[in-house]
Amino acid sequence: MIRIGVIGYGYWGPNIVRNFHTHECSDVVLVCDKSPKAEERLKKAHPAIPFTTDAGEILKSPNIDVVAVVTPVWTHHELAKAALENGKHVFVEKPFTGSTAQAEELVELADRKNLKIMVDHTFLFTGAVKKIRQLINEGALGELYYYDSLRVNLGLFQHDVNVIWDLAPHDLSIMNHVIKHEPEAVVATGEKHLNGVEDVAFITVYFPNRVIAHINVNWLSPVKVRTTLIGGEKKMLVWNDLEADEKIRVYDKGVSMSANPSNLHQLLVSYRSGDMWAPQVEQVEALRAETAYFMKCIQNNETPMNDGVAGLQVVRILEAAEKSVRNRGEAVRL
Ligand SMILES: NC(=O)c1ccc[n+]([C@@H]2O[C@H](COP(=O)([O-])OP(=O)(O)OC[C@H]3O[C@@H](n4cnc5c(N)ncnc54)[C@H](O)[C@@H]3O)[C@@H](O)[C@H]2O)c1
């Protein structure tokens, strides 16, 4: 049994507790939240799990192997660092840390201590993202042209981070997972309308081989949209995460151009419009698959795909995007 201590029992913490607690290889032995009100909620859901308001009890306990950090981002570095220093593996919420320097420090510390870090990039464990990665890896889309994601809703407003740090980690982790190239530069724009942090932002990421990604995150949208378009030379797909069935639709559509033999200065454009198909997408609770995978990585001493380095790569783009927003869309090299 791998013994887990969870710090943070707010909105997301209960999902982490439930998944670690119900897995056959792990057991949540202590939950901490600095707010005593969280205890009532924990007692209702899991009466047998002890509660504390002092994170030190988890961080220093000799009876805990893994610390899950499910608190706001500005606390991640301090709590994860203390857990690693006390010889514990860590499961940290996205975004991994509030800065690249903090992420680098944690990666180095875990390496030195031979401990695992897993960053909760939940979407990588959804059936949809697994299928998209499979299609891209098999070459079904051909050479990639673009990745374009729309993640908008009315709220939920956060008070400690802007919309980029709140929502873009999902898209950036997915993008890094499915696009094989390393991102080269970021251009981002955004605006603050209500509470002093950006609530609307547009992020463009440049990759080698003319692959381009665009992410639109917005807390001021009248409707909820979770749609990603991925275009390739051979096929194009639309992933609508709000669809119950047919989340992914693959279109045999494309454009080709050739020189007009009778006038070499003229291009002949031909549009291909073939079939659409909706591949089967595995129905799993992503967090369940992710927590089970972490247990397996610890037991087999394997590095998780969503390790500290993957978390660091996302934080590096977030930081670059924020810098670009401050300079009104100036390109920031990665
Ligand atoms: N993976 C996902 O899909 C997903 C979804 C939602 C939130 N998150 C992430 O989870 C983290 C928490 O988000 P949330 O929405 O649950 O926030 P929240 O504010 O609802 O909950 C955070 C909890 O942490 C507690 N806390 C803060 N500092 C503490 C400390 N030092 N010791 C003990 N308790 C402390 C607070 O009292 C609060 O109850 C964030 O990093 C967020 O980005 C991830």
Side-chain angles (χ1 to χ4, degrees), residues 4-20 28 30-43 45 49-61 64 67-83 86 88 90-99 102-103 106 117-126 128-129 149 151 153 155-174 177 197 217 219 224 226 241-242 284-291 293-294 304 306 308 310-311 314-315 318:
I4 320 271
V6 178
I7 307 177
Y9 199 77
Y11 163 69
W12 196 242
N15 295 322
I16 303 297
V17 170
R18 174 173 52 78
N19 277 292
F20 276 125
V28 175
L30 188 57
V31 170
C32 165
D33 198 295
K34 65 179 185 189
S35 157
K37 280 194 188 141
E39 185 171 14
E40 287 163 38
R41 291 186 290 114
L42 177 71
K43 288 294 161 228
I49 303 180
F51 179 87
T52 176
T53 51
D54 174 13
E57 278 191 43
I58 286 186
L59 296 168
K60 294 183 195 137
S61 167
I64 286 176
V67 175
V69 178
V70 200
T71 50
V73 58
W74 50 271
T75 65
H76 290 182
H77 172 257
E78 188 188 339
L79 293 170
K81 185 176 171 186
N86 284 296
K88 296 168 192 334
V90 290
F91 179 92
V92 192
E93 265 316 316
K94 65 82 197 161
F96 181 26
T97 56
S99 73
Q102 290 178 345
L106 295 183
I117 295 175
M118 178 177 274
V119 180
D120 184 9
H121 290 159
T122 326
F123 274 96
L124 306 192
F125 297 86
T126 58
V129 172
S149 171
R151 189 175 294 279
N153 198 4
L156 296 174
F157 266 82
Q158 308 288 318
H159 47 268
D160 58 332
V161 287
N162 65 16
V163 72
I164 296 177
W165 286 81
D166 180 38
L167 296 182
H170 294 307
D171 302 290
L172 297 175
S173 61
I174 298 165
H177 189 59
V197 296
V217 282
W219 287 330
K224 179 171 181 169
R226 298 280 186 263
D241 204 41
L242 302 183
V284 283
E285 184 185 354
L287 206 46
R288 179 140 204 93
E290 186 178 18
T291 47
Y293 171 62
F294 193 32
N306 49 332
V314 167
V315 170
L318 292 170

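Start at 1 and go down the list; that is how both ligands and their atoms are numbered. Since the structure is predicted, the reported quantities are computational estimates derived from the model, not experimental observations.
Nearest protein heavy-atom contact of atom 18 (P) of ligand 1 is Tyr11 N, 4.0 Å. If you check which protein heavy atom lies closest to atom 31 (N) of ligand 1, you get Leu79 CD1, 4.2 Å. Closest to atom 40 (C) of ligand 1, if we only count protein heavy atoms, is Thr71 O, 3.5 Å. Looking at atom 30 (C) of ligand 1, its nearest protein heavy atom turns out to be Lys34 CD, 4.1 Å.
Under 4.0 angstrom from ligand 1, the non-hydrogen atoms of Thr122 all belong to its side chain. Within the 4.0 Å heavy-atom criterion, the part of His76 lying near ligand 1 is the side chain and not the backbone. When non-hydrogen atoms are compared, ligand 1 lies under 4.0 Å from the side chain of Ile7 (C-beta onward) but not from its backbone.
Remark: ligand 1 atoms within the under-4.0 Å shell around heavy atoms of Glu93 are 1 (N), 4 (C), 8 (N), 9 (C), 10 (O), 11 (C), 41 (O), 44 (C). If you number the atoms of ligand 1 from 1 as listed, the ones under 4.0 Å from a heavy atom of Cys32 come out as 33 (C). Atoms of ligand 1 lying under 4.0 Å from at least one heavy atom of Asp120, given by number and element, are 1 (N). For ligand 1, the atoms lying closer than 4.0 Å to a non-hydrogen atom of Val70 are 12 (C), 22 (C).
The option from Phe123, Trp12, Trp165 that lies nearest to atom 16 (O) of ligand 1, judged by heavy atoms, is Trp12. The heavy atom nearest to atom 22 (C) of ligand 1, out of those in Ser35, Pro72, Pro14, is found in Pro72.
Taking 4.0 Å as the cut-off, Ala38 does not count as a neighbour of ligand 1 on heavy-atom distance. Distances from ligand 1 to the non-hydrogen atoms of His170 include at least one value under 4.0 Å.
At least one N or O atom of Asp33, backbone or side chain, sits closer than 3.5 Å to an N or O atom of ligand 1.
Note: Phe20 and Phe91 meet the aromatic proximity criterion, with ring centroids under 6.0 Å apart.
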